[in-house]
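Here's the structure we're looking at; comments come further down.
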Amino acid sequence: MARGRTLVVTAVPAERDAVTLATGAPPDQFTLPTGLPLHRGPAWDVVAVGVGPAAAAAGTATVLALTRGRYDLVVAAGIGGGFAPVAAVGDTVVADELVAADLGAEDPEGPTGFLDVAELGFGQVRHRPPAGLAAAGAAATGGVLGTVLTVSTTTGTAERAAALTARHPGAAAEGMEGHGVATAAGAHQLAVLEIRTVSNPVGPRDRAAWRIPGALRALTDTFAALGPAVDQWRREHHEHDG
Ligand SMILES: O=C(O)c1cccc(C(=O)CC[C@H]2O[C@@H](n3cnc4c(=O)[nH]cnc43)[C@H](O)[C@@H]2O)c1
C-alpha cells in the first residue's frame, strides 16, 4: 500500500514558513491549479489557506481534492490563544479534541446560554485525532494535551473566556481554523490533528501581550520534534490496514 503523507494547514504564510523551517532545508515550492502555493518538505506538505473556519475548510478541501490520495493525515497548525492556567504564552498545545465553540444558537434560557449545532441536530462540532496520536505528539513536543476551540471571533473579554471554559472545562487553546480543517479532512475520510503554539492569553484584548514571533519560533521547534510520533502512528495505522 502506498505510504501516506502529512498535509499541514496554516492560516497565514508566516505560520507555513515556521513549519517549513523545522526541516532545516528550503522546501520545494509548487503552485496548485488554484494558484495556492504548496511547500513540500521531506515529511510533510504545507499550505497557508487564510484566516477563519470558512477559509480553512475551503482551502483544505481544495488541496485534498486536487491531490487525491496523497495524504493520510491533515494537521491544522498555527499560533493560538492559551487558556490560563492550562496553557501559557510560549506553550505548545496538541488537541485531543477539536471543537467549534461558537457554531450554534444563543439560548438565554438555557444552562450555558448556548446550543451548538450538534445539540440543535444539524451537524458535527467535535473532532478527535486518531487514538494515541495526540498524546504521542504532546509527549514528543513537550506540549500540553487539551481541547482546542475554534472560534470565528477572537475572544476579547474575561467574560467570554469564562463562558468558554465553563462550557469546555478541558479547553487549552483557541484558534480560528481547526474545525474548518477537520471538517474538510472528515469529508475526505482523513485523520486530523491540531497543534497551536500560544501567542497570547485568551481574555481581555491586549495587543501588547501578544508574542507572535516567539509563538512562531515555538511552532518551528514543535514541528522539529513531531516527526517520530507521526511516523510511529503511520506505521501502526498501515499495519492495522494490512
Ligand atoms: O485583536 C487584534 O488586534 C488582533 C491583531 C492581530 C491578530 C489578531 C487575531 O485575532 C489573529 C487570529 C489568527 O491567529 C490565531 N489566533 C491567535 N491567537 C488567537 C486567539 O486568542 N483566539 C483565536 N485565534 C487566535 C487564529 O487561528 C487566526 O489565524 C487579532
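Counting starts at 1 for both ligands and their atoms, in listed order. Because the structure is a prediction, the values reported are computed rather than measured.
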**atom 19 (C) of ligand 1: nearest protein contact (heavy atom, Å)** = G81 N, 3.4 Å
**Item:** T197 side chain to T92 side chain, donor-acceptor N/O pair below 3.5 angstrom
**Value:** no
**Asked** Under 4.5 Å between any side-chain heavy atoms of H179 and L103, yes or no?
**Response** yes
**Request:** Write out the residue and atom name of the closest protein heavy atom to atom 14 (O) of ligand 1, then the distance separating them to 0.1 Å.
**Result:** I79 CG1, 3.8 Å
Give the table of side-chain donor-acceptor pairs shorter than 3.5 Å for residues 48-56, with sequence neighbours excluded, one pair per line with atom names and distance.
none

**Item:** contact_flag G80 ligand 1 heavy-atom lt 4.0 Å
**Value:** yes
**Asked** Same hydrophobic cluster for F30 and V74, using side-chain heavy-atom links shorter than 4.5 Å among ILVMFWY?
**Response** yes
**Prompt:** Sub-3.5 Å donor-acceptor pair from the side chain of R167 to the main-chain atoms of F114, do we have one?
**Reply:** yes
**Prompt:** Just checking, is any N or O donor in the side chain of T6 or R234 under 3.5 Å from an acceptor N or O on the other one?
**Reply:** yes
**Complete:** Ranked by distance from atom 10 (O) of ligand 1, the top protein heavy atom is T154 OG1, 2.8 Å
**Fill in**
So for V12 against ligand 1, with non-hydrogen atoms under 4.0 Å, the contacting part is neither
**Request:** Starting from atom 22 (N) of ligand 1, locate the nearest protein heavy atom and write down its residue, its atom name and how far away it is, to 0.1 Å.
**Result:** E174 OE2, 2.6 Å
**Message:** Checking a contact table here: which protein heavy atom is nearest atom 30 (C) of ligand 1, and how many Å away?
**Reply:** W210 CH2, 3.9 Å
**Prompt:** So, for A185 and L64, which heavy atoms are closest and what is the spacing to 0.1 Å?
**Reply:** CA-CD1, 4.1 Å
**Message:** Using a 4.0 Å cutoff against the non-hydrogen atoms of A11, which atoms of ligand 1 qualify?
**Reply:** 29 (O)
**Prompt:** Quick one: which ligand 1 atoms are inside 4.0 Å of a heavy atom on R207?
**Reply:** 1 (O), 2 (C), 3 (O), 4 (C), 5 (C), 6 (C)
Scan the side chains in residues 128-139 for donor-acceptor partners under 3.5 Å anywhere in the protein, sequence neighbours excluded, and list what turns up.
from: R128; atom 1: NH1; to: D96; atom 2: O; distance (Å): 2.9

**Request:** Out of E177, M176, E15, indicate the one that has the non-hydrogen atom closest to atom 29 (O) of ligand 1.
**Result:** E177
**Prompt:** Quick one: which ligand 1 atoms are inside 4.0 Å of a heavy atom on R205?
**Reply:** 1 (O), 2 (C), 3 (O)
**Message:** Only heavy atoms of S199, strictly under 4.0 Å: list the atoms of ligand 1 that pass.
**Reply:** 17 (C), 18 (N)
**Request:** Out of T10, T197, N200, indicate the one that has the non-hydrogen atom closest to atom 18 (N) of ligand 1.
**Result:** N200
**Item:** Short side-chain donor-acceptor distance under 3.5 Å, T183 and Q124
**Value:** no
